[in-house]
J.: 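If you scroll down you'll find the structure; I have some questions about it.
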Amino acid sequence: MLNLLWLLLGCYALGMLSPLCLRRPQAQALAAHLFAAAGTGIGVGLGIRGLLSAEPLAAAAVSSLPLLTFAIRLDPLASFFLLTVSLVALAVSIYAIGYVPHIRGGASVKGLGALYNAFLASMTLVVLADNGFFFLIVWELMSLLSYFLVVTEHEKADVRYAGLFYLIMAHVGTAFILLAFLIFFQQVGSFSFDAFRHAAAPLPEGMRTLAFVMALIGFGAKAGIVPLHVWLPYAHPAAPSHVSALMSGVMIKTAIYALVRVYFDFLGGQFPWWWGFVVLVVGAVSALLGVMYALMEHDLKSLLAYHSVENIGIILLGIGAGMIFQTYGLKELAALGVLAGLYHTVNHATFKALLFLGAGSLLYATHTRNLEEYGGLLRRMPWTGLFFLIGAVSISALPPTNGFVSEWLVFQTLFLSFQIPAVLLKLVLPLAGAMLALTGVLALACFAKAFGISFLALPRSTHARRAQEVPVSMRLGMGALAALCVLLGIGPMMVVPLLDRVVAPFAGTAIGGKVVALDGWALAPVNVEFSSVSSPAIALGLIALSLLGLALVAVFGGLAKKRYFKTWGCGINLTPRMEYTATGFVQPIKRVFSAIYRPTVKLEAEMLEESRYFAKRRRFEIHIEPVFQKYLYDPVVRFFSTMADRLRVIQAGSLHLYLTYIFVTLVMLLLLAV
């Protein structure tokens, strides 16, 4: 397997270098993304072999730097995330062959291709790293490379702002991760992950709690949990769409990998109940607020970015419930919760990447991300419309697609709380399930808006009227992810045993044989009589009903006389101005949740000079209040700006004064050392 890893990294290295040696943008894009596709293909094979292997693969090379060892370890958890990263990146790389040469602005195709391959290599090494120092280096590389990819169109001021915002949040997160690792280092005297998980003496309770909090904040900033999510709606839309697909689909999942690694591996899966409670509450709040803010967005990529916050929340609901069950010794339920969270991890990676690629195709064809300027695109872009619809159905958790299966498993986990002895938790877990149900309803409404406003009715702009289907490579990339969404939905009997191999070492028990029932035709977390669902049967039922409907139309429709009439429009011709808009679609929901959205409405009217009763022009604006940015982040920014202004006096421009500062500092350090 080590040879495969070297081959994988070699492909990424060639993907970085080859576009720099070519002149034509098409050739640069082709070379970069073909090598990336080759590397990700090897990554898929390596991930599968790692999942099926009886023993983890480990290798290490000592460096000249103290405490730094280039150590890797391919165990089931790392294999699962490597497989997820590689599967999504393979489809994205195929898509990028057609997409990248047509990115507008002053983007360098060769630079973009080189950074893209380096970004893939960094994500691969993050999930393979087996040394804290090495992990921090590749984690930081991943953040920096994604920053450079975000600011691809750096000539735009909003893109530069998005990149800076992301960079700051990424480094705040890294600082907390560093503190968490230093706690482990202080205990074992090494940055080796093996030393972390096999410490001679366990961490004191207070230090364990501190490590839990530091890891949750540090990795939560990358994952996008509320209230650390504020960078996502800026950075994901600013990046090129294939990069957005990777950032939202798999990069933020590396934080989920790290949280599971720290809580269940380094800390041994032993924790007080309130740790799981905190993770559960964070997940529930993130899921609900994420989808609520997504509903109000009319920028398609911002809408998808907020849905990443929602789905990270759903993943944490499963993991948080698993942690609570683990505390009370309910190992099988703990395994079910973590398994449900990981199942949703791979599902979200596929349908979110698919939706971002769909958004990229719409941007490619219409040159806008504004939903209000779409309309009628299904007739002009039928393949893109079909793939986007599959992604929308998946993220809305409708059967028989993959989002339905994993959310159903999370629901089952939450509603099995009656086995917990603590009364409070018996109530809290079903309440979290109720919030998840509300999240599902709002997600369905959001994607009814996104698909309906974009693809149905009449075009609302010149670009939408002239839109054409995207190139073949882009369709292939979207088609591969759409097929994965369906396969992961109707084939849980293949996915659950693999995930069971990942979860069993942490939970201390295997549940795959119990969850998959009726010879693989159904999932039954407890038993078939209590609750079960069969995705293949649902899929077959839907296909049978569709065929029956087509047969009835063929039999009886052929006998009916067809008559065509123009849609009645009160005696006037229908125009796109009469259509339902994205703003109008969400207006009732905005009124219901006005206490959270706190909308501001501005209406300006310019009246005719001849009469004050007739308007010459009206302007309507509505905004929702960015609560977290206004009340949490803006005061911090103002504080540091004020402090910086006051400290500016020490910057006098005098070399002598600066040497004095250095001298005083050295004297103080010497005094402290004594």
Side-chain angles (χ1 to χ4, degrees), residues 115 118-119 122-123 126 132 135-182 213-240 243-244 246-256 258-259 282 285-286 289-290 293 297 299 301-302 304-306 308-309 312-313 625-648 651:
L115 287 171
F119 181 47
S122 67
M123 282 195 292
V126 161
F135 177 92
L136 286 170
I137 290 173
V138 290
W139 181 270
E140 189 64 11
L141 267 177
M142 181 179 73
S143 298
L144 285 174
L145 290 165
S146 54
Y147 161 75
F148 286 121
L149 288 167
V150 166
V151 296
T152 296
E153 298 182 71
H154 52 82
E155 66 276 7
K156 299 177 182 175
D158 57 336
V159 170
R160 293 196 299 274
Y161 177 77
L164 179 63
F165 201 171
Y166 167 54
L167 196 64
I168 291 171
M169 291 301 294
H171 282 86
V172 169
T174 303
F176 281 93
I177 297 167
L178 177 62
L179 289 174
F181 282 1
L182 284 175
V213 174
M214 294 295 111
L216 183 61
I217 296 174
F219 294 117
K222 181 67 77 180
I225 61 173
V226 172
L228 304 170
H229 67 289
V230 288
W231 63 271
L232 274 87
Y234 290 99
H236 288 185
V243 176
S244 306
L246 284 181
M247 290 179 69
S248 189
V250 290
M251 187 191 76
I252 62 174
K253 304 303 186 313
T254 57
I256 298 297
L259 282 176
V282 167
V285 172
S286 298
L289 289 183
Y293 282 112
E297 280 292 337
D299 180 316
K301 290 179 71 174
S302 296
L304 295 176
Y306 273 118
S308 294
V309 180
I312 286 293
E625 189 170 276
V627 177
F628 294 102
Q629 191 162 339
K630 183 175 180 179
Y631 296 106
L632 183 60
Y633 291 94
D634 286 351
V636 175
V637 172
R638 282 197 296 273
F639 170 76
F640 281 106
S641 296
T642 305
M643 291 297 294
D645 285 340
R646 292 182 179 176
L647 292 174
R648 191 181 295 171
Q651 184 183 356

J.: Considering only heavy atoms from C-beta outward, does the side chain of Met123 approach that of Met251 to under 4.5 Å?
T.: yes
J.: What's the spacing between His236 NE2 and Ser248 OG if we round to 0.5 Å?
T.: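 Answer rounded to 0.5 Å: 5.0 Å.
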J.: Walk me through whether Tyr147 and His171 qualify under side-chain contact (heavy atoms from CB on, under 4.5 Å).
T.: CA-CA 11 Å; Tyr147 161 75; His171 282 86; over 6 Å; no
J.: I need the Phe135 CZ to Ile137 CD1 distance, nearest 0.5 Å.
T.: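 The distance works out to 12.0 Å.
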J.: Please give me the minimum heavy-atom distance between Pro237 and Lys301, naming the atom from each residue.
T.: O-NZ, 3.4 Å
J.: Are Trp231 and Tyr633 near enough that their ring centres are under 6.0 Å apart?
T.: no
J.: Do you know the tightest heavy-atom contact between Leu232 and Gly224?
T.: CD1-CA, 3.6 Å
J.: Less than 4.5 Å apart, side chain to side chain, heavy atoms only: is that true for Val151 and Lys156?
T.: no
J.: Apply side-chain contact (heavy atoms from CB on, under 4.5 Å) to Tyr293 and Val309, showing your working.
T.: CA-CA 10 Å; Tyr293 282 112; Val309 180; over 6 Å; no
J.: Which atom names give the shortest non-hydrogen contact between Tyr306 and Pro233, and what distance separates them?
T.: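 Heavy-atom minimum between the residues: CZ-CG, 3.4 Å.
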J.: Quick one: side chains of residues 161-168, donor-acceptor pairs under 3.5 Å with protein atoms, not counting sequence neighbours, listed by atom name and distance.
T.:
| residue | atom | partner | partner atom | Å |
| --- | --- | --- | --- | --- |
| Tyr166 | OH | Ser146 | OG | 2.6 |
| Tyr166 | OH | Lys222 | NZ | 3.2 |

J.: Restricting to non-hydrogen atoms, name the atom on Ala215 and the atom on Ala180 that form the minimum distance, rounded to 0.1 Å.
T.: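 Minimum heavy-atom contact is N-CB, 4.1 Å.
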J.: Please walk me through it: do Ile312 and Ser286 pass side-chain contact (heavy atoms from CB on, under 4.5 Å)?
T.: CA-CA 7 Å; Ile312 286 293; Ser286 298; 5.8 Å; no
J.: Would you mind reporting whether Val243 and Val150 have side-chain heavy atoms less than 4.5 Å apart?
T.: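 No, side chains not in contact.
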J.: So how far is it from Thr174 OG1 to Leu179 CG, rounded to the nearest 0.5 Å?
T.: 11.0 Å
J.: Say you draw a straight line from CE of Met643 to CG of Leu647; how long is it, rounded to the nearest 0.5 Å?
T.: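 Atom-to-atom, Met643:CE and Leu647:CG are 5.0 Å apart.
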J.: With rounding to the nearest 0.5 angstrom, report the CZ to CG distance, Phe119 to Leu246.
T.: 6.0 Å
J.: Nearest 0.5 angstrom please: His229 NE2 to Ile252 CD1, how far?
T.: 12.5 Å
J.: Which one of Ile225, Thr254, Ile177 satisfies the side chain to side chain contact (heavy atoms under 4.5 Å, CB included) criterion with Phe219?
T.: Ile177
J.: Are Trp139 and Ser143 packed together at the side-chain level, in the sense that at least one heavy-atom pair is separated by less than 4.5 angstrom?
T.: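 Touching, per the 4.5 Å side-chain cut-off.
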